[in-house]
Structure formats: structure tokens, C-alpha cells
Amino acid sequence: MYKNNLKFIPVHEPDLDQMDFNSVIKTLKNGEISGNFTPTVKLFEKKFAKFCGVKYAVSVSNCTNALQLACKVIGIKKGDEVLVSSGTNIATALAVYHNGGIPVPIDSHPSTWNLDVDQLEKKITKKTKAILPVHFLGLPANMQKITQIAKKYKLKVIEDCAEAHGAKYKKKDVGSFGDLACYSFYSNKIITTGEGGMVVTNNFKYYKELVYLKNLAFGKPRFLHQEAAYNFRLGSLQAALGISQLNKVKGFIKKKRNLANVYAKNLQGIKGIELPFYHEDYYNVYWMYGIQIKEEFGRSRDQLSKFLFKNRIETRTFFCPLNLQPFLRKLKGYTKHKCPVSENLWEQGVYLPSSNNLKEKDIKRVCNLIKKFSGS
Ligand SMILES: *Cc1c(COP(=O)(O)O)cnc(C)c1O
């Protein structure tokens, strides 16, 4: 059944080269191994803060922990509500949940697929403390509107930039709008350290708290702890990989944007295929190239994915929205939250192979198969 003579095209492959290997080996040979504020860890943080256009960056073990820590330092506690993009990786909701808070899902906008800013104000209650927008698939959320609403209602903003390193809204870096912002360096993200994350901020008080809480909250004397903190340290070998990856990030983003161009050119005009939102104010880094398979396509998203897989092409669906997550639906009153647009995206959204070094001819093969399979 499978056409094994065809090259397998995975949805993503990390972009690693000799510079990355050398960077890790150099750090290892230096004896820098753990994550206890070694020169390599510090350098990675310094370079990353500069990259985001913010004052401080604190490395952590992954973005899930970054988000959890960010919620902790803005003071999220039991019963507090945080307005979260409904279409996101579950990590975004867990960050709120593990602090005792409630991640209130905000439905997606039908064409940007990001949080719909017009839905925010109706979800604000006395318990609302913060907004946690996601820059989904590398497209910035509408940060102007989000920060305006946050100001009006005195809410904090934490940006989930796990998919959006280097994205810009109106020429300003994502990650520099919120009180805090969190990044992921998981293997399929824009840059990788294997596992890893970063919290960035311009606020010195938050910065001190982050450094303190990510490393067990050592006190004075050292082994007297005033708070139940965490070990969320990033190792030096990972930071070494992060530095060499970050040195190449501009090139990575260029590759992602080229790839998106080739997809757009070859998918344009196929009935029932909706391409990513485009507007010049939104500088998209196209972490993954997502499309929506509408009814007019004539076949379902699942049928298409299956067909592509038989042709050795891997795809992945969009996220299952928060309002449908079984463990969240057990929270009191949670089932009242409806997110019809996110639910639709969960059924119709799919992302296509998006490795940095995907060849133009491979993208064309994917697009030709989609065209061929279209039932219209
Ligand atoms: C990948 C991802 C995360 C989690 O990142 P980890 O580093 O794997 O913990 C969080 N939010 C979004 C939107 C993501 O895509």
C-alpha cells in the first residue's frame, strides 16, 4: 500500500550543522555541564534578550515551565482567571492550572487563527488577572488591541512565543509587548536546544523573582528556603546549542518565509483551501505552514492527511481547543465556554511539512498531490 520508493517527508526536521556540534563539544570540554549560571548559560540569556529587544532573559528547562513560572511571578493563584487563546498547545493552559488558576478559553479569529480580540472583554470578570495570547504558528497576535484592553482593565500580559521567535507586530518584536514572554526550544521550534525554554521581561523585579524561583529559591543561609520553588534550570550543553542556533536564526526565518511563499504560490486557487492570514503589520515567521481544508475542497482534512501519508508525506492537525479538553471540563462551570471557531480549526486545520531545508521540488510534490486529491 505504501509507496516506499518515495522519499519520506516529515512534518519537521531540526536544522543542525557542524557549528552546533562544535559549540556543544567546546562547552562540554570546558567542564560546563549543569545549569548553574555558567558563562555559556549567561551568554545564551544575554544574546536571547538582545534578540527579543528586551532587558532580561532567564533560561529554563522548557516552555511549559517558562509559562508556569511567568504565571507564578505575576501572582496567579487559586481561583484567578487568565484569558488564554483557545487554540493552543496544552502547555499554555497547564501554566495557569498548576498555579491554581483557571485558563478561560478565548475563541480563535476565523482568518488569523489567533485569539479573537473582540471576544476578550466579554470574558473579563472580577477574577480575571491576566491575558495569555499565543502567536499561533508564527503569526503575531494583535498585540495593540491586547495591550490596550489589558491597560483598561489593569490586567497583566504574558505572551506565549513558543512558535514565534523573531515574529514582529508593526515592526516590534513579539515578546517585548507583554509583562513577560515565554519561548520554547523544543526540537521542532524555530531554534532548538533539544529541550529548553526562556522567559523574557523588561521588569527587574520579575527578573529577580524568575532567577530565584527557577533554582529552588536558595536563601540566606543558603539552605534555608522561604518559598516552595522549582528546579527549572537549563543545562549548559543545551545553552551551548542555543547560542549556535541563535547565531543562525535570521537565516532560519528567511528559509521559513521562503517556504511559505512557495506553498502559497502552488496552493493558490485550489478551491476550499484557506491559506495563512497575510497583512503587512504582521511579520509571520511561519513556524509551521498551516492551511484549512474547507467543505468546498470536496474531501475532508482527515481524508487528505491519509492520502498524503500514503504518499510518504507527514502532516499534523491543529490543536484541540481548551474548551474540549477533558481535564479542564471537570472544572466548575467550564463547559459554558464555547469556541466554535477553534473547534472548526481543530477539524479543518492541518499543517504541512515545514523543515527549514525542504526542497522546492518537494513542496511542489506536496502541493500537486493536494491539487490532485481535491474533489472539486
Ligand atoms: C511547543 C509549545 C509550548 C510548549 O513548549 P515546550 O518547550 O515543549 O514545553 C507551549 N506553547 C505553545 C504554543 C507551543 O507551541
Side-chain angles (χ1 to χ4, degrees), residues 11-12 14 35 44 48 52 57-72 82-99 103 105-106 108-109 112-115 130-141 143 146 157-167 174-175 177-178 180-200 210 214 230-235 238-239 241-242 245-246 256 276 284-290 316-322 325 328 339 342 345-346 349-351 354:
V11 92
H12 182 266
F44 182 38
F48 199 81
C52 302
V58 178
S59 60
V60 287
S61 35
N62 54 58
C63 185
T64 308
N65 291 343
L67 290 160
Q68 188 180 335
L69 206 56
C71 287
K72 171 83 179 170
V82 179
L83 310 178
V84 180
S85 304
S86 53
T88 185
N89 184 306
I90 199 61
T92 325
L94 287 175
V96 181
Y97 186 90
H98 286 314
N99 280 288
I106 303 297
S108 311
H109 183 277
T112 68
W113 310 336
N114 269 321
L115 157 168
I131 310 175
L132 209 178
V134 176
H135 306 296
F136 180 58
L137 299 181
L139 179 79
M143 289 315 295
I146 290 168
V157 176
I158 300 171
E159 294 175 71
D160 183 341
C161 302
E163 306 178 355
H165 318 53
V174 303
F177 290 90
L180 296 142
C182 300
Y183 289 82
S184 173
F185 309 125
Y186 181 65
S187 66
N188 68 11
K189 298 295 159 81
I190 303 269
I191 63 168
T192 186
T193 63
E195 298 282 354
M198 195 76 84
V199 190
V200 306
L210 293 165
K214 83 164 216 194
Y230 314 90
N231 175 357
F232 287 167
R233 296 185 302 257
L234 181 80
Q238 291 162 309
L241 183 53
Q245 287 268 298
L246 190 57
K256 292 280 194 200
N284 190 344
V285 292
Y286 295 98
W287 169 57
M288 295 283 176
Y289 194 80
R316 199 154 297 164
T317 71
F318 285 15
F319 296 115
C320 175
L322 301 185
Q325 296 295 345
L328 291 172
C339 302
S342 302
L345 290 169
W346 155 235
V350 62
Y351 51 84
S354 301

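Atoms considered below: every heavy atom in the structure, side chains included; atoms not considered: hydrogens, waters and symmetry mates. Read the numbers this way: they start at 1 and go in the same order the structure lists the ligands and their atoms.
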Check your understanding: Does N284 use its side chain to pair, donor to acceptor, with the backbone of A167 at less than 3.5 Å?
Key -> no
Using modelled atom types and a 3.5 Å cut-off, is there a donor and acceptor pairing between side-chain atoms of Q325 and backbone atoms of L322? no
| task | For the residue pair H135 and E159, confirm or rule out a side-chain donor-acceptor distance under 3.5 Å. | result | yes
(message) Whether the side chain of N114 engages the backbone of L139 through a donor-acceptor N/O pair (distance < 3.5 Å, no angle test) should be reported.
(response) yes
d(C63 SG, Y186 OH) to nearest 0.5 Å is 13.0 Å
Heavy-atom donor-acceptor pair, S354 side chain to H12 backbone, under 3.5 Å: no
Return a table of N or O atom pairs, ligand 1 on one side and protein on the other, at distances under 3.5 Å, rounded to 0.1 Å.
| from | atom 1 | to | atom 2 | distance (Å) |
| --- | --- | --- | --- | --- |
| ligand 1 | 5 (O) | S184 | OG | 3.3 |
| ligand 1 | 7 (O) | C63 | N | 2.9 |
| ligand 1 | 7 (O) | S184 | OG | 2.7 |
| ligand 1 | 9 (O) | C63 | N | 3.3 |
| ligand 1 | 9 (O) | T64 | N | 2.9 |
| ligand 1 | 9 (O) | T64 | OG1 | 2.5 |
| ligand 1 | 11 (N) | D160 | OD1 | 3.4 |
| ligand 1 | 11 (N) | D160 | OD2 | 2.8 |
| ligand 1 | 15 (O) | E163 | OE2 | 2.5 |
| ligand 1 | 15 (O) | K189 | NZ | 3.1 |

